[in-house]
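Before any comments, here is the structure.
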Amino acid sequence: MKKKLFCLALVFTLAAGTLASCGKDDADTDENTTSSVTSTQDIDTVAPDATPFVPEEVPSEFAADRSNITKNDDGSVSVSLEAREGESRHEFEEDDLGFVDTTTGAIIKIGMTVDEVESLIGLPKAVDSMNARIYNGIVVIYGDDGTVEQLVVAAGNMDESDIPDKFVTPRGVKLSTTLDEFKSVYGDEYSVPGNTDASNADVSSSATTAVRYYARNGNDFTYLGQNYTAENKPENDSDLVTQMFLFSNETQAVTAISIKTGTDVN
């Protein structure tokens, strides 16, 4: 089951690369096929039935603090949908680089170190041989420098003890959010299935997906649309940000969310 969730992270990356390939030069092709493999020896993990980790305190720099977030008496938080109008739905802020852990109020974001992540959500339950660590409810893929490059939250591929729906985007979109609710927050640009053949495993053609590309410049983000080109892609690969949502064909509700930087397939 754990391996399935990591594979979903890979499918997310491949699907995003497929959708982005429109307008790319042949010289850019290798960017989406480069693998980055590091050793995962000597990494501590916890057993699947371990007691859920709760940090003693969430440092202020890692605490989610937005107008749509309410702190509860038990230390958890509630994140309401942050509906927006017009082009503001395509705006992207620093907080959008991560997920809010509603059990603690901590936000896990792109660029954080392994130690920072694990001080907030504990040790991984499993470690893949390709830079991915699988925690309770979330998959984190690290770069060679030990910082977060991709985060994936998904339903249906985890152990019964996992709680993937505890991780919510800072704008309140979570697993089970409807397509209409999603559009009120992030806009109505999405791709419907072009091929519903069950034998076709290509997520970009067998499921409804919503992909957004952004170019990062410090703390500023420019919306590139549903694909990027060689002309508008950032000079530094790590400054390309991909936000992707996957929806159930049956319920049209969110079943997986990914945020990543760069074009490399980890």
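As a basis for the values below, the full set of heavy atoms in this structure was taken, side chains included, without hydrogen atoms, waters or symmetry mates.
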Ignoring hydrogens and angles, write down the donor-acceptor pairs under 3.5 Å from the side chains of residues 55-65, residues two or more places apart or on other chains.
none

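Nearest heavy-atom pair, Val148 versus Ile110, reported as atom, atom and distance to 0.1 Å: O-CG2, 3.5 Å. Residues Ala215 and Pro234 approach most closely at CB-CG, 3.6 Å, considering heavy atoms. The two residues Ile259 and Phe99 have their closest heavy-atom pair at CG2-CE1, 3.9 Å. Between Lys233 and Thr263 the shortest heavy-atom distance is CE-CG2, 3.9 Å. The two atoms that bring Gly105 and Val77 nearest to each other are CA-CG1, 3.7 Å, heavy atoms only. Here the closest heavy-atom approach between residue Phe167 and residue Asn136 is recorded as CE1-O, 3.4 Å.
With rounding to the nearest 0.5 Å, the separation of CE in Met112 from CD1 in Ile107 is 8.5 Å. The line from CD of Gln150 to OG of Ser258 is 4.0 Å long, rounded to the nearest 0.5 Å. Atom-to-atom distance recorded for Leu246:CG and Thr255:OG1 is 4.0 Å, nearest 0.5 angstrom. Interatomic distance, Ile121 CD1 to Ile108 CD1, rounded to the nearest 0.5 Å: 5.0 Å.
Ring orientation note: the planes of Phe182 and Phe247 are nearly perpendicular, at an angle over 60° on the 30°/60° scale. The aromatic rings of His90 and Tyr223 lie parallel to each other, with less than 30° between the two planes, well short of the 60° mark.
One finds a salt bridge joining Glu94 and Arg216 here, because a Lys/Arg side-chain nitrogen approaches an Asp/Glu carboxylate oxygen to under 4.0 Å. Between Glu93 and Arg84 there is a salt bridge, with a side-chain nitrogen of the basic residue lying less than 4.0 Å from a carboxylate oxygen of the acidic one.
For Thr251 (side chain) and Ser248 (main-chain N/O), no donor-acceptor pair under 3.5 Å exists by modelled atom type. With hydrogens and angles disregarded, a donor-acceptor distance shorter than 3.5 Å links the side chain of Thr102 to the backbone of Lys166. When atom types are taken as modelled, the side chain of Glu91 and the backbone of Glu87 share no donor-acceptor pair closer than 3.5 angstrom.
With 3.5 Å as the limit, one finds no donor-acceptor pair spanning the side chains of Thr113 and Asp115. A donor-acceptor contact closer than 3.5 angstrom is absent between the side chains of Asn217 and Thr222. Side-chain atoms of Glu181 and Thr178 include a donor-acceptor pair closer than 3.5 Å. Residues Asp101 and Thr103 have side chains that bring a donor and an acceptor to within less than 3.5 angstrom of each other. Under 3.5 Å, the side chains of Ser80 and Asn68 contain no donor-acceptor pair of N or O atoms. Inspection of the Thr169 and Tyr186 side chains reveals an N or O donor paired with an N or O acceptor under 3.5 Å.
Residue Asn232 places its CG atom among more than 12 non-hydrogen atoms of other residues, nucleotides or ligands, all under 6.0 Å distant. In the displayed structure, Lys109 atom NZ is contacted under 6.0 Å by more than 12 heavy atoms of other residues, nucleotides or ligands.
Phe53 is not connected to Leu120 by any chain of hydrophobic side-chain contacts under 4.5 Å among Ile, Leu, Val, Met, Phe, Trp and Tyr, and they are in different clusters. Connection of Val54 to Tyr135 is not established within any shared hydrophobic cluster, with ILVMFWY side chains joined at heavy-atom distances below 4.5 Å, either directly or through further cluster members.
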### Task
Output, in order, the C-alpha distance, side-chain angles, deciding distance and verdict of side-chain contact (heavy atoms from CB on, under 4.5 Å) for Met244 and Ile257.
CA-CA 6 Å; Met244 188 169 181; Ile257 312 170; over 6 Å; no
### Task
Assess whether side-chain hydrogen bond (donor to acceptor under 3.5 Å, both in side chains) is satisfied between Ser238 and Asn236, documenting all intermediate values.
CA-CA 5 Å; Ser238 61; Asn236 295 321; 5.8 Å; no
### Task
Could you check Phe245 against Thr209 for side-chain contact (heavy atoms from CB on, under 4.5 Å), going step by step and ending with a plain yes or no?
CA-CA 6 Å; Phe245 300 83; Thr209 56; over 6 Å; no
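The salt bridge (charged side-chain N to carboxylate O under 4.0 Å, His left out) test applied to Asp180 returns Lys183, not counting sequence neighbours. By the side-chain hydrogen bond (donor to acceptor under 3.5 Å, both in side chains) test, Arg133 pairs with Glu118, sequence neighbours left out.
Under the 6.0 Å cut-off for aromatic ring centres, Tyr214 and Phe221 do not qualify, their centroids lying 6.0 Å or more apart.
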